[in-house]
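One structure below.
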There are 2 protein chains.
Amino acid sequence: MATPANGRGRRIEPGKGGILLTAIDCFTRHGYAGTSIDRIARAAGVTKGALYYHFRDKEQLLFEAVKERIGAFESYVLGKVEPIADPAKSLRAIARICAENAATDNHRRFILTLMVEALDTNVTLSGEFREMLRRFRSFHRHLIRSGQESGLFRNDVDASAAAETFVGGILGAEVQFYQDPEAIDVRSSLETHVDQFLAWLTMPPDAQRRATQSAREV
Amino acid sequence: MATPANGRGRRIEPGKGGILLTAIDCFTRHGYAGTSIDRIARAAGVTKGALYYHFRDKEQLLFEAVKERIGAFESYVLGKVEPIADPAKSLRAIARICAENAATDNHRRFILTLMVEALDTNVTLSGEFREMLRRFRSFHRHLIRSGQESGLFRNDVDASAAAETFVGGILGAEVQFYQDPEAIDVRSSLETHVDQFLAWLTMPPDAQRRATQSAREV
DNA sequence: GTAGCCATACTAAACGTTTAGTATCCGAGG
DNA sequence: CCTCGGATACTAAACGTTTAGTATGGCTAC
């Protein structure tokens with residue numbers, strides 16, 4: 001073969017970029033603490049020294065990997081969703097992007113894994129993830145609010161709360177899929193999630209009260 | 001002080017049980033790979049010798065911790081939900097249990113953390129988590145189906161798909177809360193999730209088609 | 001005294017990081 | 001055209017520390 005490949009099929013790209021891609025791959029699978037510098041180096045087809053030539057230490061490698069992934073995802077979503085005028089279609093587009101992303105490469109699993117691990121072990125990194133999630137919710141909030149102002153969505157729901165549940169549904173579907181890809185079809189699961197969410201947002205305001213009030217009392 | 005306490009306030013219980021509780025605490029915060037045997041021992045107020053007296057190795061300690069947590073959560077949910085007759089109230093009760101659990105102790109964060117970490121690093125443990133999630137979804141599926149049979153819920157939605165989105169919403173709300181407890185009120189967030197879910201399940205079947213079909217085409 | 005419970009003291013391996021040295025390329029000077 | 005000098009991108013080996021795990025000794029309750 002002309003270009004060497006590592007054990008999991010991805011071609012080994014040389015240089016700093018290749019090391020970063022390999023590091024993302026390793027961090028996704030084994031976490032930060034579970035990934036040794038040696039493992040990354042071996043998987044990238046270089047030695048440890050090459051890593052320390054391009055990155056100050058293991059933590060900086062992690063930072064650059066995280067920033068790369070967050071930036072790539074956000075710019076991708078923005079590029080795909082911004083031209084869409086209909087808020088409902090925008091929401092569905094986001095869900096589809098996440099589903100596709102989860103099903104093919106596992107770039108979003110990288111974010112989830114490192115996010116959970118960083119919670120108590122890396123304050124600054126955890127702050128990065130927190131800001132990312134806040135931007136994500138804010139983006140949805142604006143979509144929902146614009147839908148409300150144009151009369152597409154009902155006005156008696158809080159856009160912030162709605163954004164929380166929508167983002168939560170995406171995250172939860174991903175978690176379930178990563179854990180059990182054979183039982184969970186993340187695409188159809190998220191499609192149902194969007195259906196349900198839009199049905200709730202477009203139903204007449206008085207129809208819900210009748211339905212849920214009965215179960216509300218403790 | 002009569003009873004000694006570790007740095008984070010929890011009382012140090014002696015013996016195997018205390019070690020197990022401390023281990024759960026450490027694994028939750030630092031993950032499995034990020035937690036050393038010494039750290040657990042120090043936090044539990046013992047030395048490594050005590051750990052290796054009660055547990056064969058680090059992995060067995062992890063297994064027992066996971067089994068303990070899964071078992072405790074499932075039996076708690078079952079005990080609380082089983083006496084409830086109304087499926088809608090049962091669903092709300094489960095969501096409230098999870099919210100309370102996430103907000104007070106972080107026993108469910110332990111499960112989430114280890115679940116994500118075990119995905120590619122521990123096949124048998126990951127299988128344990130997979131079975132747990134399957135049981136959880138199955139439990140919801142039966143609740144939903146019983147609601148459909150009694151005419152409470154509409155019949156034109158797949159109970160399995162509905163269970164997926166409901167469980168997903170719970171998991172996603174938890175993830176967002178762990179990441180940003182100041183911005184996310186997990187209790188009200190899950191309350192909205194249940195409202196939305198029940199509104200969707202109890203709305204007239206033809207009302208949704210009108211609402212969502214417009215955004216469905218790509 | 002003996003069995004249960006744990007502390008102490010250790011080993012071998014793995015870890016992140018540093019260092020010294022090498023191969024390869026590239027533009028400038030003769 | 002050749003070659004010299006330096007920058008770039010690494011390799012190989014070593015360092016000190018931390019890790020999981022073990023072997024052994026001792027105290028306490030029965």
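Just the heavy atoms: all of them, side chains too, but no hydrogens, waters or symmetry mates, feed the values below. Sequence lines set the chain letters: A, B, ... in the order given, protein chains first and strands last, and positions in each chain run from 1. Since this is a predicted model, take the numbers as computed values, not measurements.
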Exercise for review: Taking salt bridge (charged side-chain N to carboxylate O under 4.0 Å, His left out) as the test, write out the residues that go with R130(A), two or more places apart.
Suggested key: none

Please confirm whether the backbone N or O of [Y] pairs with a side-chain atom of [X], one donor and one acceptor, at under 3.5 Å?
{"X": "S126(B)", "Y": "N122(B)", "value": "no"}
{"X": "E128(A)", "Y": "V66(A)", "value": "no"}
{"X": "S189(B)", "Y": "D185(B)", "value": "no"}
{"X": "T113(B)", "Y": "G31(B)", "value": "no"}

For nucleotides 28-30 of chain D, which of its nitrogen or oxygen atoms have a protein nitrogen or oxygen under 3.5 Å away, and what is each distance?
none

Study note, to complete from the structure: Atom NE2 of H30(A) and atom C1' of dA14(C) are separated, to the nearest Å, by 15 Å

Check your understanding: What pairs meet the ring-ring contact (aromatic ring centres under 6.0 Å, His included) rule with one or both residues in residues 160-182 of chain A, with sequence neighbours excluded?
Key -> H140(A)-F166(A), F166(A)-H193(A), F166(A)-F197(A)

Point to revise | Partner set under side chain to side chain donor-acceptor pair (under 3.5 Å) for T104(A), not counting sequence neighbours | key: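 Side chain to side chain donor-acceptor pair (under 3.5 Å) list for T104(A), sorted by chain: empty.
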
Point to revise | Selection: residues 55-66 of chain A, any non-hydrogen atom under 4.0 Å of DNA chain C | key: D57(A), K58(A)

Can you tabulate the close N/O pairs, meaning under 3.5 Å, that link protein atoms to atoms of nucleotides 5-10 of chain C?
residue, atom, partner, partner atom, Å
dC5(C), OP2, Y53(B), OH, 2.9
dC6(C), OP2, H54(B), NE2, 2.5
dA7(C), OP2, T47(B), N, 2.8
dA7(C), OP2, T47(B), OG1, 2.5
dA7(C), O5', T47(B), OG1, 3.2

Which residue pairs pass the salt bridge (Lys or Arg N to Asp or Glu O under 4.0 Å) test when at least one of the two sits in [range], sequence neighbours left out?
{"range": "residues 165-182 of chain A", "answer": "R108(A)-E174(A), D180(A)-R134(B), D180(A)-R137(B)"}
{"range": "residues 66-77 of chain A", "answer": "E74(A)-R135(A)"}
{"range": "residues 117-127 of chain B", "answer": "R109(A)-D120(B)"}

Exercise for review: List for me each residue that meets ring pair (Phe, Tyr, Trp, His ring centres under 6.0 Å) alongside F27(B), sequence neighbours excluded, and say none if there are none.
Suggested key: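 Once residues adjacent in sequence are excluded, the partners of F27(B) under the ring pair (Phe, Tyr, Trp, His ring centres under 6.0 Å) criterion are Y32(B).
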
**Study point:** Residue pairs involving residues 43-58 of chain B (criterion side chain to side chain donor-acceptor pair (under 3.5 Å); sequence neighbours excluded)
**Key:**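 Listed by first then second residue: nothing to list.
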
Practice item. Under 4.0 Å from any atom of DNA chain D, heavy atoms only: list the residues of residues 32-41 of chain B that qualify, in numerical order. Key: T35(B), S36(B), I37(B)

